[in-house]
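All residue numbers refer to positions in the sequence shown, counting from 1. FYI, side chains are in, hydrogens and waters are out, and symmetry mates aren't considered; it's all heavy atoms of this structure. Whatever order the structure lists them in is the order used to number ligands and atoms, beginning at 1.
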Amino acid sequence: MDFTRSDFPEGFQFAAATSSYQIEGHSFGGAGKTHWDTFAATPGNVVRAEHGDIACDHYHRWEEDLDLMQAMGLDAYRFSTSWARVLPDGRGTPNQEGLDFYDRLVDGMLARGLNPMVTLYHWELPVALADLGGWRNPDISHWLADYATVIMERIGDRVFSAAPINEPWCVAWLSHFMGHHAPGLRDIRAAAHAMHHVLTGHGRAIQAMRALGVKNLGAVCNFEYAHPADDTPQAAVAAQLYDGHYNRFFLGGLFHGAYPQDVMQGLAPHMPKGWENDFALIGQPLDWCGLNYYTCKRIAPTDGAWPAHTEVAGPLPKTQMGWEIYPDGLHHFLGWVHENYTKGLPLYVTENGMAHPDQIGVPDQARIDYLNAHVGAARRAIKDGVPVAGYTFWSLLDNYEWALGYEKRFGLIHVDFDTLDRTPKASYHALAKALAR
Ligand code: IFM
């Protein structure tokens, strides 16, 4: 690696991230069914109809996984708790086995010197709540807050940080407007409702955790740099609107008490009743903000209905996902979020990494290069005065990449999905060397 720990401020947190449905194995330990189970069971939604029943079997192999993080020299582990494991019906009676699992996991992290960074919702909505409309139903903010209370009463005294929801854009837009993720809707009214309810849910969950005395609460959003596909004014407008619904909408709600006007031109007629009155709830004071960053997009105008834009291929080298490698975007967003929204709050890179068709015994030099370039972008932001407080690699393990199944390998550790054997990759060893004290 081009960096070592000593290039970063004292207390800087290097972490690896995963999420519950992507690694745990949801057929174990009394977890309820999630909308990803039914989405994956519907033909055409997920490559080879793959699902999270076993995933990386982290539910049984968590000690080995924590040992690997400790051996790598990480400071923290960003993980998520599964709503459906804690509350199999989404509400009501908790699954004690599930609570015990997260209790053991948090104690296991602390015993190994890893700070637990928890996310409450990384997309595994219990089917009972999906049946009630899921993120389209305004009551979801109360359901999420109740779930936050149940899980945090158990582990909230020992976590380093907590965020309610991972990547609101994916929960709302990707899943309710583009239909790529569960519940697979392509409907502007559903999307507008979900866009707003992820934020009311965030606000109420923050309130619930504050009421319990949980410390260090934040929000995690994802960002993509939107380049106009060409030099025309139409492409500039298209890219600006993409930037609006992807990058500015959620931060606007969280930090400005308003949604961007360009996005509301399309969404306003479809918003839930009374949405204008929810900004005090949404804008709960936060202690930090997390940025997930992977790539940029080239946006071109179309003749279709609002938002009348589409993605086109760009010229830069790409990852296994087909995503262009553009570290300058991370540097841009760290400075831009700090200057325009968070104004001094600690910022964490809560996800960054690349998918690569890794094979055991073949060094993943491409991932080492990718991480060097992106960590370098964060270092530049720190030099500019941006208060970046941590960097999280996605992902600890190769895992279930949602609609793309198991073939997109994001891990620092290779997982053989037949034997479930873990094998650290060259990038893991390079990071271990860089992070050694
Ligand atoms: O695997 C996902 C993760 O669940 C959320 N952020 C992006 C990752 C890579 O696509």
Exercise. Check the pair Asp75 / Arg5 against salt bridge (charged side-chain N to carboxylate O under 4.0 Å, His left out), numbers first and verdict last.
Key: CA-CA 11 Å; Asp75 306 296; Arg5 180 180 277 292; 3.2 Å; yes
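The side-chain contact (heavy atoms from CB on, under 4.5 Å) check on His332 picks up Tyr225, Trp336, with sequence neighbours excluded. Residues meeting the side-chain contact (heavy atoms from CB on, under 4.5 Å) test with Asn352, sequence neighbours left out: Tyr293, Val349, Tyr370, Leu371, His374, Tyr391. Judged as a side-chain contact (heavy atoms from CB on, under 4.5 Å), and not counting sequence neighbours, the contacts of Ala84 are Thr34, Ser82, Pro126.
Taking the six-membered ring wherever Trp is involved, the centroid distance between the rings of Phe14 and Phe8 falls below 6.0 Å.
Of the residues Phe39, Trp36, Trp173, Trp135, the one that meets the ring-ring contact (aromatic ring centres under 6.0 Å, His included) test with His181 is Trp36.
For a heavy-atom separation below 4.0 Å, the residues in contact with ligand 1 are Gln22, His122, Trp123, Asn166, Glu167, Tyr294, Trp323, Glu351, Trp394, Glu401, Trp402, Phe410.
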